[in-house]
2 protein chains.
Amino acid sequence: MKATNAKKATKPKAAKTRPVGRPRADRRRRERPPDEEILFQAARLFARQGVAATTTRQIAAAAGLRQPSLFHWFPTKDAIVEALLESTIGATLDHAERVSKERHGAALRLFRVLRFDARHLCSSPYDLTALVLSPESRSSRYGRFWKRRARLIEIIGDLIAAGIREGSLVEMDRKLATRLVFGMDEGVLTWFDREGAWTPDLVGETFAELALRALLRDPKDLAALQREAGPLHDEP
Amino acid sequence: MKATNAKKATKPKAAKTRPVGRPRADRRRRERPPDEEILFQAARLFARQGVAATTTRQIAAAAGLRQPSLFHWFPTKDAIVEALLESTIGATLDHAERVSKERHGAALRLFRVLRFDARHLCSSPYDLTALVLSPESRSSRYGRFWKRRARLIEIIGDLIAAGIREGSLVEMDRKLATRLVFGMDEGVLTWFDREGAWTPDLVGETFAELALRALLRDPKDLAALQREAGPLHDEP
DNA sequence: GTCAATACCTATCGCGTGATAGGTTTAGTC
DNA sequence: GACTAAACCTATCACGCGATAGGTATTGAC
């Protein structure tokens, strides 16, 4: 009787610290669940080396697994890339769709969309440098992501066109302007250092400030835009 | 006697159309010498697929050779990447060094450096999208290229700082401004279509115009800058 | 204790890769 | 015609890749 009770007192304690399943060869603690850890480490490696040059063995080792174990969580290497791409752009496109429909001047809407996107790129849990900017991701396999990205470009282009029509933005080739501005936006991915001195908010604000100074007929309007827009960190 | 003469009349004609060396299996004419054709086709494939995902068999087929023949012209696949990287940035850095030393206002010098670089990126004989923007090229193997690129960024940063000191450009975090402007510059690589409607000159001019509008204290100074700078196609 | 589910492991496969080795085909020189 | 250099070719290699197959080690439920 007494021996049985002593055994039961020991078991619940072990249950709280051990996940179900075979223990790993790599005993190091991981702060994320396995699928998220795989994505996190994959993104890091992709950003540093590119997708094709990153092997599944490297990803597995970085995530604390053996290479074939990756296929328990993702059906193919490709599926990892796809999951990373899908993890981006959703929030920023939703925000852009919402803001672009509001009853405000085009310049204000543009300002808010741009700074939100740049901040979002800097603060994603995953380092997306390689994925968004590299030709490796241009495959038709990721058509959904590229469609949504094209939609975001379209929204920005429409806002620039509306600003030109309203007279708040300077006359120019609206498509070329869209490309240049969006290039500066995504260009953030090539230099933003997640361990560096600049915060995502600061980058978002400064980028949008420069973009609007470039486009506004009268850059003195910028101060009013910044006031009306409010602090970036209040955007949902 | 006569038969011998007839034979000699035929040979000189063949000598003018046939290069020395074994004929290719792929008989199609190539407009460039073999090494240049390899670089051209490699750049095209790298831009579309990325470096690691492009095989030497693909490069060879595109250049009209068999795969091992590549190694007659380049010692390794890597050497192809290196040659492409070296083919860029030389002219633009020389120009930037020269212009940045001239006795003109910082804003004018900056304007000329920026538009030259953007045009240069658009008009390179090789499509460098994958090489300049992708992590694949970040290897220490290409240290020389990355040093020169850093020098270019430094020159632009110094010009921005000088403009801020002179009072022609707005006060702001000079390093962040440099990064954003250079991001727009290189971002051109992600969207410029060599078969498209925009010319390299137009892109160079428009990019520099937007960048200076963003940075100038008084954007009305832009017109004077454009006049003083003269047409981009006159830059050597 | 048995069984099922879960999360891993080791072993291995079929295939494709960059590169080497040796041979072939041409023009040019003597 | 013999020889050399140049520019190719075919054949092959050693290696590493993504993925499959089957087994192992744990928890939790009964």
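Letters A, B, ... are given to chains in the order of the sequence lines, protein chains preceding strands, and every chain is numbered from 1. Excluded from the calculations below are hydrogen atoms, water molecules and symmetry mates; all remaining heavy atoms, backbone and side chain alike, are included.
- Rounded to a whole Å, the CG atom of A:D26 is 14 Å from the C1' atom of C:dA7.
- Remark: the B:Q58 side chain and the B:Q67 side chain contain no N/O donor-acceptor pair separated by less than 3.5 Å.
- Residue-to-nucleotide proximity on DNA chain C shows that, of B:D78 and B:R27, the 5′-proximal contact is made by B:D78.
- By the salt bridge (Lys or Arg N to Asp or Glu O under 4.0 Å) test, A:R151 is found to be paired with A:E97, A:E154, residues two or more places apart in sequence or in another chain being considered.
- Atom-to-atom, CZ of A:R18 to P of C:dC8 comes out at 12 Å; the value is rounded to the nearest Å.
- Legend: salt bridge (charged side-chain N to carboxylate O under 4.0 Å, His left out) pairs involving residues 120-135 of chain B, not counting sequence neighbours: none detected.
- At the heavy-atom level, A:L65 lies under 4.0 Å from the strands shown only through sugar-phosphate atoms.
- The shortest heavy-atom contact between B:L152 and B:A96 is CD1-CB, 3.7 Å.
- Within the structure, salt bridge (charged side-chain N to carboxylate O under 4.0 Å, His left out) contacts touching residues 183-197 of chain A (residues at least two apart or in different chains) are A:R149-A:E186.
- Atom CZ in A:R24 sits roughly 7 Å away from atom P in C:dC9 (whole-Å rounding).
- In this structure, B:H72 does not reach the D:dC8 phosphate: none of its side-chain N or O atoms is under 4.0 Å from OP1 or OP2.
- With sequence neighbours excluded, the residues satisfying side-chain hydrogen bond (donor to acceptor under 3.5 Å, both in side chains) with B:R44 are B:Q41.
- Phosphate contact (OP1/OP2 of C:dC8, side-chain N/O of A:W73, threshold under 4.0 Å): present.
- Listed by first and then second residue, the side chain to side chain donor-acceptor pair (under 3.5 Å) pairs that reach into residues 78-89 of chain A are A:D78-A:R141, A:D78-A:Y142, A:E86-A:R144, sequence neighbours excluded.
- A heavy atom closer than 4.0 Å to some atom of DNA chain D occurs in A:T54, A:T55, A:T56, these being the qualifying members of residues 33-56 of chain A.
- Nearest-nucleotide positions on DNA chain C for B:P75 and B:G21 put B:P75 closer to the 5' end.
- Between A:I59 atom CD1 and D:dG18 atom P there is a gap of 8 Å when expressed in whole angstrom units.
- Note on residues 52-74 of chain A: no pairs pass salt bridge (charged side-chain N to carboxylate O under 4.0 Å, His left out), not counting sequence neighbours.
- Evaluation of the ring pair (Phe, Tyr, Trp, His ring centres under 6.0 Å) rule for B:W191 yields B:W198 as partners, not counting sequence neighbours.
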Distances under 3.5 Å between protein N/O atoms and the N/O atoms of nucleotides 10-12 of chain D, please, pair by pair.
unit_1 : atom_1 : unit_2 : atom_2 : d
D:dT10 : OP2    : B:R66  : NE     : 3.0

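- Of the candidates C:dT20, D:dC8, D:dA25, the closest approach to any side-chain atom of B:F71 belongs to C:dT20.
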